[in-house]
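It should be emphasised that the depicted structure is a prediction, and the values quoted were computed from it without experimental measurement. Chain A is the first sequence line, chain B the second, and so forth, proteins listed ahead of strands; every chain is numbered from 1.
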There are 2 protein chains.
Amino acid sequence: MTNRKVVSFENIKVACKDCSLATLCLPMGLEPDDVERLDGIVKRSRPFHRGDHVFRESDKFHSLRVITSGSIKTYTPNENGSEQVLGFHLPGEVIGLDAIQNYHHTCSAVALETTAVCDIPFEQLESLSSSIPSLQHQIYRLLSREIGHETEMLTLLGKKSAEERLATFLLSFSERFKKRGFSATDFFLSMSRHEIGNYLGLAVETVSRLFTRFQDEELLHVERKHVQLLDIDRLYEMVHGNNSEKTQQSRI
Amino acid sequence: MTNRKVVSFENIKVACKDCSLATLCLPMGLEPDDVERLDGIVKRSRPFHRGDHVFRESDKFHSLRVITSGSIKTYTPNENGSEQVLGFHLPGEVIGLDAIQNYHHTCSAVALETTAVCDIPFEQLESLSSSIPSLQHQIYRLLSREIGHETEMLTLLGKKSAEERLATFLLSFSERFKKRGFSATDFFLSMSRHEIGNYLGLAVETVSRLFTRFQDEELLHVERKHVQLLDIDRLYEMVHGNNSEKTQQSRI
DNA sequence: TAAATCACTTGATCCAGCTCAATAACTTCT
DNA sequence: AGAAGTTATTGAGCTGGATCAAGTGATTTA
């Protein structure tokens with residue numbers, strides 16, 4: 001299956017400074033010289049195919065990974081043999097942050113489609129960050145941002161209805177695609193309904209029914225993995241509550 | 001309300017090296033000299049009383065806070081004026097990590113009882129960590145650990161039943177109290193049933209009924225905030241599924 | 001091109017946990 | 001100590017979303 005063309009990919013070495021993701025990735029806000037030094041430790045790995053694991057839970061941790069193309073699902077196997085999907089990750093996003101803690105991965109990461117990643121050996125990153133304050137700052141922020149994301153997910157899972165969850169999910173992808181220069185209203189989701197449901201704490205059937213309903217209500221058009229958002233504003237209203245209530249929000 | 005005795009507290013300056021929390025807090029694993037330097041930037045603030053805010057969402061961020069005694073609830077106000085409880089924090093735990101991202105707090109923190117905290121001005125910590133690699137490492141780990149915690153909460157809220165949630169909650173406190181030298185089976189919860197429910201994504205009534213049921217099943221004895229765990233093993237079974245299934249756990 | 005498998009949709013039913021409501025116990029204030 | 005306000009418990013009934021079941025398209029295999 002591994003043909004010559006794939007091998008040729010390995011030689012395509014794009015420097016961080018030339019990478020289109022620079023503003024989304026670790027180099028963000030670094031001086032050109034420092035980007036150069038960061039670039040020195042980054043390794044571009046071969047592409048992963050759909051279903052390939054980038055790492056598995058309990059693997060020894062050595063590198064953070066930055067997605068450069070494609071998409072990745074992270075998940076934890078749980079007691080009863082099923083899994084909890086933790087996130088879907090797009091180019092420019094860093095995975096493996098949970099593993100810094102004790103140098104073992106606490107979740108698994110699998111490619112949802114053909115996906116390329118950069119490897120950033122963490123020990124090297126760490127010592128580099130000691131001598132580049134802005135890099136250190138960048139890493140602190142990155143970790144803090146991840147905490148913020150997860151906090152939002154806690155609210156989603158703790159309080160929101162099924163329709164609010166799916167609307168939030170779709171808008172998140174819309175925004176993230178937009179930030180990457182793709183359409184905010186017309187995109188392909190690389191994960192299955194089952195994975196969406198798992199991530200959102202909903203049954204597959206519920207997700208499916210919601211897609212159908214959203215389509216009936218002309219909020220979107222959906223055909224399998226292809227989604228076209230037709231009324232982003234109403235999706236936002238769904239997520240943030242009727243803005244009438246929002247404005248008269250009480251203090252606590 | 002602020003009497004003289006409280007003022008006298010302000011003068012009790014316990015150095016990090018003498019603090020009983022040292023092994024739970026940032027100094028963990030640092031050389032004595034480095035603890036000394038860390039100690040130089042730490043400020044002990046006056047005690048907060050029940051209901052006092054340590055910080056509020058959207059406040060400008062300047063310091064991480066380490067709880068030295070008492071307990072704190074963090075929460076985010078959400079759209080419809082209600083709140084999502086994000087966590088309950090005990091001595092040795094650090095709060096404010098989410099605010100590093102953009103120097104604004106994204107959640108509020110309120111004292112659940114009389115509570116003392118240390119302030120660690122973040123900019124000073126950051127520059128100190130540039131020159132103390134082990135401190136830098138400690139901070140990375142701390143942030144990573146926080147990500148790990150939240151990941152566990154995602155699984156809790158995404159997949160677990162009400163009884164599993166409450167059992168998990170109780171065991172978490174049991175372990176944390178134990179780690180701090182208190183009883184693992186006999187403790188006081190400083191938060192209300194309402195706050196527990198909010199945190200666990202359950203209605204107050206459900207929490208109350210579960211406490212009653214757990215008591216009927218002789219898993220624990222509860223009277224208001226005072227909890228005595230009578231059968232920790234069965235609580236663990238509840239959380240981790242019947243251990244028969246657990247052992248034959250499949251790969252994915 | 002047919003058969004098998006997998007992913008998704010749709011319908012019917014069920015139930016865990018929510019909401020509403022009343023009461024009880026504790027706390028705070030005067 | 002009694003009144004007023006909070007917080008917790010308990011009961012009854014409801015419902016959003018789960019589960020179970022069947023069918024329909026896709027996609028892969030042969």
Side-chain angles (χ1 to χ4, degrees), chain A residues 1 49-51 73 80 82-85 88 110 112-114 156-170 188-217 220-227 238 252, chain B residues 1 49-51 73 80 82-85 88 110 112-114 156-170 188-217 220-227 238 252:
Chain A
M1 287 301 134
H49 301 104
R50 179 176 166 75
K73 171 183 83 169
N80 48 36
S82 67
E83 65 184 50
Q84 168 69 45
V85 173
F88 302 108
V110 65
L112 292 169
E113 60 194 303
T114 302
L156 183 101
L157 294 175
K159 299 277 171 303
K160 300 202 176 180
S161 67
E163 78 165 34
E164 287 173 308
R165 292 181 199 198
L166 188 62
T168 306
F169 174 82
L170 291 169
F188 283 80
L189 296 171
S190 55
M191 73 297 294
S192 69
R193 298 286 190 271
H194 184 86
E195 289 166 324
I196 296 173
N198 186 303
Y199 176 61
L200 297 176
L202 300 172
V204 204
E205 295 92 330
T206 305
V207 174
S208 185
R209 276 184 252 271
L210 282 170
F211 268 118
T212 306
R213 211 186 83 205
F214 283 5
Q215 181 159 250
D216 290 348
E217 295 173 352
L220 50 75
H221 180 78
V222 60
E223 193 174 344
R224 297 248 133 185
K225 302 196 183 301
H226 184 194
V227 177
M238 237 180 223
I252 290 193
Chain B
M1 289 297 137
H49 300 104
R50 178 176 167 73
K73 170 184 85 169
N80 49 34
S82 68
E83 66 183 50
Q84 168 68 44
V85 174
F88 302 108
V110 65
L112 292 168
E113 59 195 305
T114 302
L156 184 103
L157 294 175
K159 299 278 170 301
K160 300 201 175 178
S161 67
E163 78 166 33
E164 288 173 307
R165 293 181 199 198
L166 188 62
T168 305
F169 174 81
L170 291 169
F188 283 79
L189 296 171
S190 56
M191 73 297 294
S192 69
R193 297 286 190 270
H194 185 86
E195 289 165 325
I196 295 172
N198 186 306
Y199 177 60
L200 297 175
L202 300 173
V204 204
E205 295 93 330
T206 303
V207 174
S208 185
R209 276 184 251 270
L210 282 171
F211 268 119
T212 306
R213 212 187 82 205
F214 282 4
Q215 180 158 252
D216 290 348
E217 295 172 354
L220 50 75
H221 180 78
V222 60
E223 193 175 344
R224 295 249 136 184
K225 300 196 184 304
H226 183 195
V227 176
M238 233 179 226
I252 292 192

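Proximity of B/R193 to the phosphate of D/dT9: a side-chain N or O atom is located under 4.0 Å from OP1 or OP2. Here A/K225 does not reach the OP1 or OP2 of D/dA26: none of its side-chain N or O atoms lies under 4.0 Å away. For A/S192 and C/dA7, the shortest distance from a side-chain N or O to OP1 or OP2 is not below 4.0 Å. Between B/T206 and C/dA16 there is no side-chain N or O to OP1 or OP2 distance below 4.0 Å.
Counting distance only, with no hydrogens placed and no angle test, the side-chain atoms of B/E205 and the base atoms of C/dC20 include a donor-acceptor pair under 3.5 Å. Between the side chain of A/R209 and the base of D/dT19, at least one donor-acceptor pair of N or O atoms lies under 3.5 Å. With hydrogens and angles left out, the side chain of A/R213 and the base of C/dT9 share no donor-acceptor pair within 3.5 Å.
Nucleotide C/dC8 holds its P atom 13 Å from the CG atom of A/N198, rounded to whole Å. Residue A/F211 contributes atom CZ, which lies 13 Å from atom C1' of C/dT9 at whole-angstrom precision. Going from atom NE2 of B/H194 over to atom C1' of C/dT27 covers 18 Å, rounded to whole Å.
At the heavy-atom level, A/A203 lies under 4.0 Å from base atoms of the strands shown. The residue A/S208 sits close to a base: some heavy atom pair falls under 4.0 Å. Looking at heavy-atom distances under 4.0 Å, A/G197 makes no contact with the nucleic acid at all.
We find the CG-NZ distance between B/N198 and B/K73 to be 7.5 Å, quoted to the nearest 0.5 Å. The CZ atom of A/F169 sits 12.0 Å away from atom CG of A/L210, with the distance rounded to the nearest 0.5 Å. Once rounded to the nearest 0.5 Å, the distance linking OH of B/Y199 with CG of B/L166 reads 12.0 Å.
When atom types are taken as modelled, the side chain of A/R50 and the backbone of A/L112 share a donor-acceptor pair closer than 3.5 angstrom. The closest donor-acceptor contact from the side chain of A/R193 to the backbone of A/A203 lies at 3.5 Å or more, if one exists at all.
Heavy-atom distances to DNA chain D give each of A/L202 and A/E223 a nearest nucleotide, and the one nearer the 5′ end belongs to A/L202.
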